[in-house]
There are 2 protein chains.
Amino acid sequence: MPSRSASGTGNALTIFMNKKNPAHAPAVDRALDVIELLAASERELSLSEILAMLDIPRQSLIRILNTLCDRGIVDRAQQRGYYRPGMKLLHLGNSIQDKIKLRSVARPYMQELAQETHKTIELSTLDRDQLVLIEQIEGTEGVRLYTRIGSAYPYLHAVAVGKIYLAHMDEEKRHKVLEKIGLPAVTEYTIVDMKELEEDLSRVRENGYAFEDQELRKGVRRVVAPIYDYRNDLAGCIGIAATVFSFELKDRERFGQMVKETAARISSGMGKKK
Amino acid sequence: MPSRSASGTGNALTIFMNKKNPAHAPAVDRALDVIELLAASERELSLSEILAMLDIPRQSLIRILNTLCDRGIVDRAQQRGYYRPGMKLLHLGNSIQDKIKLRSVARPYMQELAQETHKTIELSTLDRDQLVLIEQIEGTEGVRLYTRIGSAYPYLHAVAVGKIYLAHMDEEKRHKVLEKIGLPAVTEYTIVDMKELEEDLSRVRENGYAFEDQELRKGVRRVVAPIYDYRNDLAGCIGIAATVFSFELKDRERFGQMVKETAARISSGMGKKK
DNA sequence: CGATAAAATACCATATAAGATATTTAAGTA
DNA sequence: TACTTAAATATCTTATATGGTATTTTATCG
């Protein structure tokens, strides 16, 4: 995944909804800025660093940090004046009911698939027009192919998971979504032609799985299959990802069948009726 | 775990630090109240329900909800006027660096232990005087012994993990901590006598693992061993938990050795030098 | 150990966000 | 289609949280 969204937290539309929404609570917006900043940062940040990056008046920032620290959202680090994300976030993050259900149902199957293939196994879903990685089991290759759990990604056309979702939308919705983001070339392999994409989507529907060949990141391939819930709604996707060295083109169909098979079993686990 | 803390989010001290801290940002406190309320609730909540539970003026609440929704922290549900935790929380929850490191290092070993024992395997740590469950692999018994990942628990004396931490503290700190919370009887088996507890802690130091016999919940036993990081600091604990039916007293030593063994390997993975 | 720099606390005037009131929109029901 | 209920938006005044400025605390370094 390209570094520009690697920080992950970024909603693609954040750029547009610039500040100062009259129907907002400004202090809360600021607090969220602080939290996201700390979450995105690899290391702990000092008061003055935060101050420099966010243009919040010193006194207000201190008040916000006090609040967040007392609530466990943010932690004061060893060194006085340094801050980092707090454990409470872990707890809150684990309260997203339905996604968590998918995760717990899927995990054992993912584990199995990982042991069979020795590849990276990914569980993803769509949330507010963004693809989100819910769970991941890293393969033996040691390459981290995706960003961290929870990161969102807006370019549906460049990812196998996105193709699954696009293939499931009715035409109207699909066009609306694609118009909003366009078909930017993430790599030189990304599909940037609408007709070509539609053809690919037909193939997805035919095969029952989606294939992604270095379209998101050079050197990385993926196959992904849809998971359905008890009402036969698309609940998420499970996929196999690997570098071109261990995932050759001839493996495509074989891996495709494997994810399909696994996805079907997870769907059963989610209560899908046959 | 008794239901009073099952909602989990509750810092044991929340009761005391009642509202209106002058050094706080009130709007942020309110927003956090909303988030925690939604996170603790099983189902989606309507505006008026939140209103009733939190005594925030209607207009202010709407502003806060608007902010949280636009930021992805909260989601508007299908039904207009209903709210639930948003996916952004998942992402933020996965940004707690060091804990996440422990988790990713430990996971494969936990998996192994789970396959060997068919019991529930738990990874926990101490954070701000509270025990926190970081990761869990549910055993075949299907009984959920602990609350969800991220929940915090203050009664160190009633849990094997807590005993590990108590055993590692110097006397002064230990007394301070225990005084603060006391030795309340969580079940009829909970150790409520100081001398008895100290004896148990000595045993923990001797054995290298802690044992918990229905002290937190009737019918449940645990063995837990400490994990150390590269500076030989206590980084967390791994444990086996099961009901008395599948975890008999005669299994204690055998399971104890197993967690010790696994904990040692995780410690190596965390960079502990021998 | 004294000097320096940064964080945390304290105080207070004022800009501003909060909250009461009223209006519009939406959903559910008869 | 009209009726009912609740949510969302809009408007405006005042209380209040904000953000200056100054002070105290804490840590670091020569």
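Each chain gets a letter, A, B and so on, in the order the sequences are listed, and its residues count up from 1.
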| Any B:R76 side-chain nitrogen or oxygen under 4.0 Å from OP1 or OP2 of C:dA26 | no

| note | Atom CD of B:Q59 and atom P of C:dA22 are separated, to the nearest Å, by 14 Å

| Is any side-chain nitrogen or oxygen of A:R63 closer than 4.0 Å to OP1 or OP2 of D:dA17? | no

| Separation of atom CG in A:L65 from atom P in C:dA8, rounded to whole Å | 8 Å

| message | Measuring to OP1 and OP2 of D:dA27, would you say a side-chain N or O of A:Y82 lies under 4.0 angstrom away? | response | no

| message | I'd like to know if the side chain of A:T125 reaches the main chain of A:A235, judged simply by a donor and an acceptor atom lying under 3.5 Å from each other, with no hydrogens or angles considered. | response | yes

| said: Please enumerate all residues that pass side chain to side chain contact (heavy atoms under 4.5 Å, CB included) together with A:E172, with sequence neighbours excluded. | reply: A:D170

| Distance, rounded to the nearest Å, where B:Q78 contributes CD and C:dA26 contributes C1' | 16 Å

| task | Walk me through it: do B:Y165 and B:H157 pass the test ring-ring contact (aromatic ring centres under 6.0 Å, His included)? | result | CA-CA 10 Å; B:Y165 273 95; B:H157 69 292; over 10 Å; no

| When you measure from the side chain of B:S60, which nucleotide among D:dA8, D:dT18, C:dG19 comes out closest? | C:dG19

| query | Looking at the side chain of A:P26, which of D:dA17, D:dG19, C:dA18 is the nearest nucleotide? | reply | C:dA18

| field | Whichever of A:A27 and A:L51 has its nearest DNA chain C nucleotide further upstream toward 5' | value | A:L51

| Nucleotide D:dT28, atom P - distance to CD of A:Q79 in whole Å | 7 Å

| note | Tested for side chain to side chain contact (heavy atoms under 4.5 Å, CB included) against A:L156, the lone hit among A:L197, A:D129, A:V161, A:L126 is A:L126

| request: Return the value, rounded to whole Å, for the distance between atom CG of A:L47 and atom P of C:dA5. | output: 17 Å

| Length of the CZ-P vector between B:R58 and D:dT9, whole Å | 13 Å

| query | Is the phosphate of C:dA6, meaning OP1 or OP2, less than 4.0 Å from a side-chain N or O of A:S46? | reply | no

| query | Roughly, in whole Å, what's the span from CZ in A:R30 to P in C:dT16? | reply | 10 Å

| field | hbond_proxy B:R80 side chain to C:dA26 base (donor-acceptor, 3.5 Å cutoff) | value | no

| field | Whole-Å distance separating the CG atom of B:N66 from the P atom of D:dA7 | value | 13 Å

| request: Quick one: label B:I62 by what it contacts on the DNA or RNA (base, sugar-phosphate, nothing), any heavy atom closer than 4.0 Å. | output: base

Compile the donor-acceptor pairs under 3.5 Å between side chains in residues 46-56 of chain A and protein atoms, sequence neighbours left out, one pair per line.
{"from": "A:S46", "atom 1": "OG", "to": "A:S48", "atom 2": "OG", "distance (Å)": "3.3"}
{"from": "A:S46", "atom 1": "OG", "to": "A:E49", "atom 2": "N", "distance (Å)": "3.2"}
{"from": "A:S46", "atom 1": "OG", "to": "A:E49", "atom 2": "OE1", "distance (Å)": "3.3"}
{"from": "A:E49", "atom 1": "OE1", "to": "A:S46", "atom 2": "N", "distance (Å)": "2.8"}
{"from": "A:E49", "atom 1": "OE2", "to": "A:R43", "atom 2": "NH2", "distance (Å)": "2.5"}

